[in-house]
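Here is the structure we will look at.
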Amino acid sequence: MRQTVKALKPMIEGFIETNGELSLKRTLKSGQAFRWRLTNDGTDWVGVVRNTHVVQLTQQPDGKHIHYRVLNGHEDNDHNQEIKPTVKGRKRLKTSDESDGENPKDQYFYSQLISDYLRLDVNLTDLYDKWSKSDDKFAAIAVNMSGVRVLRQNFAETLFSFICSSNNNINRIEKMIETLCQKYGKVLYESHPELGTIHSFPEITRLAEESVEPELKKLGFGYRSAFIHRSAKTICDEYKCPEKWSQELAQMPYSEARQALQRLPGVGPKVADCIALMALNHLESVPVDVHVFKIAQHMYLPHLKKNKSLTHKSYQEIGDFFRSKFGPNAGWAQAVLFCADLKQFKQ
DNA sequence: CATTGACCTGTCCTG
DNA sequence: GTGTCCAGGTCAATC
C-alpha cells in the first residue's frame, strides 16, 4: 500500500542561480565528498547537506542554474536542528519564485543552506581570472575545467572520511563511509527508489564508544578501526564539545589548526590539510597527495622528479609554492588542477 | 632529523 | 583459481 501522507505536504524545491560558476559533477565527484550519488539515469545528484538534509541537485541545461529538492524537508522537527548557514549569500543567489504556492520562508532558508554548502558566496570567475593571470599553465587548464568548487563540509564527516582515505582507494573509501553511516548514523530518508535508506554521518560521541573498534575490524576497516575510535575518543575526552572545538579550529590560524589536528591518531599532514581546507575554511591549505605531487613534479618543480616519494620537506615546499603562486585561496586552485588531472575528467 | 617499511583489505592483473 | 601489486597516508623504528 502506498502511503500518501508525505505527499500532502509540499515538497521543498526551487532554483539557485550559479552564474555558470558551478559544475556539479566536477564538484561533487572529485574526491572531496564521498557520499554524492548520481541517480535518475545520470541527471540528478543525491546527497546529504549539513548532515541533516537529503538533497537532490540537478544542473539545468542553461548552465546557469541548479534545481534543488529537499527530499526530507517535510519532517516536523526540521527547524529544530541547529542548522544555520554560516555565510549570508549574495543577493544574486536568491531563489526564483517559479514554484508558486510554497512557503517562501522555507525556500529562502533552503536555498541559503545549499548555497552555503556549495560556497556560492565566492565569486569563482574572479578567482579563475586571478589564477590564470598569475599562471599560464593554470589558464590553459582552467578553460576546460570551469565550475570546480571547494565545498563547505561538516567537520566530523570530513575528519573520519579522510582518516579512511589513507593508503586506500576511492571505491573502498566510499563503501567504508557508507557502512559507518548505516551502522552508527540516523535515518534521514527512507526508501529512496535507487539508493534505499539514507543515513546521517555518525556523531563523534557514538564513534567514541568502546564497541566501535572491534566492530569496525569485523567490517573490514583494518588498522583504521583504531584510528577512528581513538580519534573520536580523544576529541570527546579532551575537548568535551566537538562542535565547539571545530569552531575553534576554524578560528585559529591555519598552521595552528593543522598542528592541532595532527595530534589525532590517523591524522597526518595530508589528512589534516584536507580537513582544514574542506571543513574549516582554511583555503590556503594545500593537501598534497601522490596525485598533486606528480602535478607539481611535472608542471612546476621539475627538480622534485628525483624524489621517489613525498617527504616532509617536499610536502612543505609544494604547499608553499602553491601559496606563493595562487595566494590565500591556493587550496582551491589546487583543487582545480587536481580535478583536471583525474582520469574521469580528462577529455 | 630525514628515510624506510609495515600496515588492513578489496581489486585488478598475470600466469 | 592463486599470487601480486597497488590504492588520494600514517606511524614508528632507524639512520
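Order of the sequence lines sets the chain letters (A, B, ...), proteins ahead of strands, with each chain counted from 1.
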Span that lies between the [atom1] atom of [M] and that of [N], in whole angstrom:
{"N": "C:dT10", "M": "B:dT11", "atom1": "C1'", "value": "22 Å"}
{"N": "B:dT4", "M": "C:dG8", "atom1": "P", "value": "22 Å"}
{"N": "B:dG10", "M": "C:dC11", "atom1": "P", "value": "23 Å"}
{"N": "C:dG9", "M": "B:dC1", "atom1": "P", "value": "26 Å"}
{"N": "B:dA6", "M": "C:dC15", "atom1": "P", "value": "14 Å"}

| Phosphate OP1/OP2 of B:dC7: any A:Lys217 side-chain N/O under 4.0 Å |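 Negative; the distance criterion is not met.
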| Closest nucleotide among C:dG8, C:dC11, C:dA7 to the A:Asn167 side chain | C:dA7
Integer-rounded Å distance: [N] [atom2] and [X] [atom1]:
{"X": "A:Lys175", "N": "B:dG10", "atom1": "NZ", "atom2": "P", "value": "9 Å"}
{"X": "A:Lys218", "N": "B:dG10", "atom1": "NZ", "atom2": "C1'", "value": "20 Å"}
{"X": "A:Asp289", "N": "C:dA7", "atom1": "CG", "atom2": "P", "value": "11 Å"}

With a 4.0 Å cut-off on heavy atoms, is [X] in touch with a base, just the backbone sugar-phosphate, or nothing at all?
{"X": "A:Ile163", "value": "nothing"}
{"X": "A:Leu264", "value": "sugar-phosphate"}
{"X": "A:Gly31", "value": "base"}
{"X": "A:Val292", "value": "nothing"}
{"X": "A:Pro287", "value": "nothing"}
{"X": "A:Lys313", "value": "nothing"}
{"X": "A:Ser314", "value": "nothing"}

So does [X] pair up with [Y], basic N to acidic O under 4.0 Å?
{"X": "A:Lys270", "Y": "A:Asp273", "value": "no"}
{"X": "A:Lys294", "Y": "A:Asp341", "value": "no"}
{"X": "A:Lys217", "Y": "A:Glu213", "value": "yes"}

| field | Donor/acceptor link under 3.5 angstrom from A:Tyr223 side chain onto base of C:dG9 | value | yes
| Between the base of B:dC8 and the side chain of A:Arg172, is there any donor-acceptor pair under 3.5 Å? | yes
| task | Specify the residue among A:Asn169 and A:Thr311 whose closest nucleotide of DNA chain B lies further upstream toward the 5′ end. | result | A:Thr311
| Comparing A:Ser166 and A:Asn171 on DNA chain B - which has the more 5′ nearest nucleotide |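 First, find each residue's nearest nucleotide; the 5'-ward one identifies A:Ser166.
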| task | Could you tell me how the ring of A:Phe201 sits relative to the ring of A:Phe160: parallel (under 30°), tilted (30 to 60°) or perpendicular (over 60°)? | result |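 Geometry flag for A:Phe160 against A:Phe201: parallel rings.
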| query | How are the rings of A:Trp245 and A:Phe155 set to each other: parallel, tilted or perpendicular (split at 30° and 60°)? | reply | perpendicular
| query | Per the side chain to side chain donor-acceptor pair (under 3.5 Å) rule, which among A:Glu215, A:Glu209, A:Arg206 passes with A:Tyr184? | reply |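 Going through the options one by one, the only one that passes is A:Glu215.
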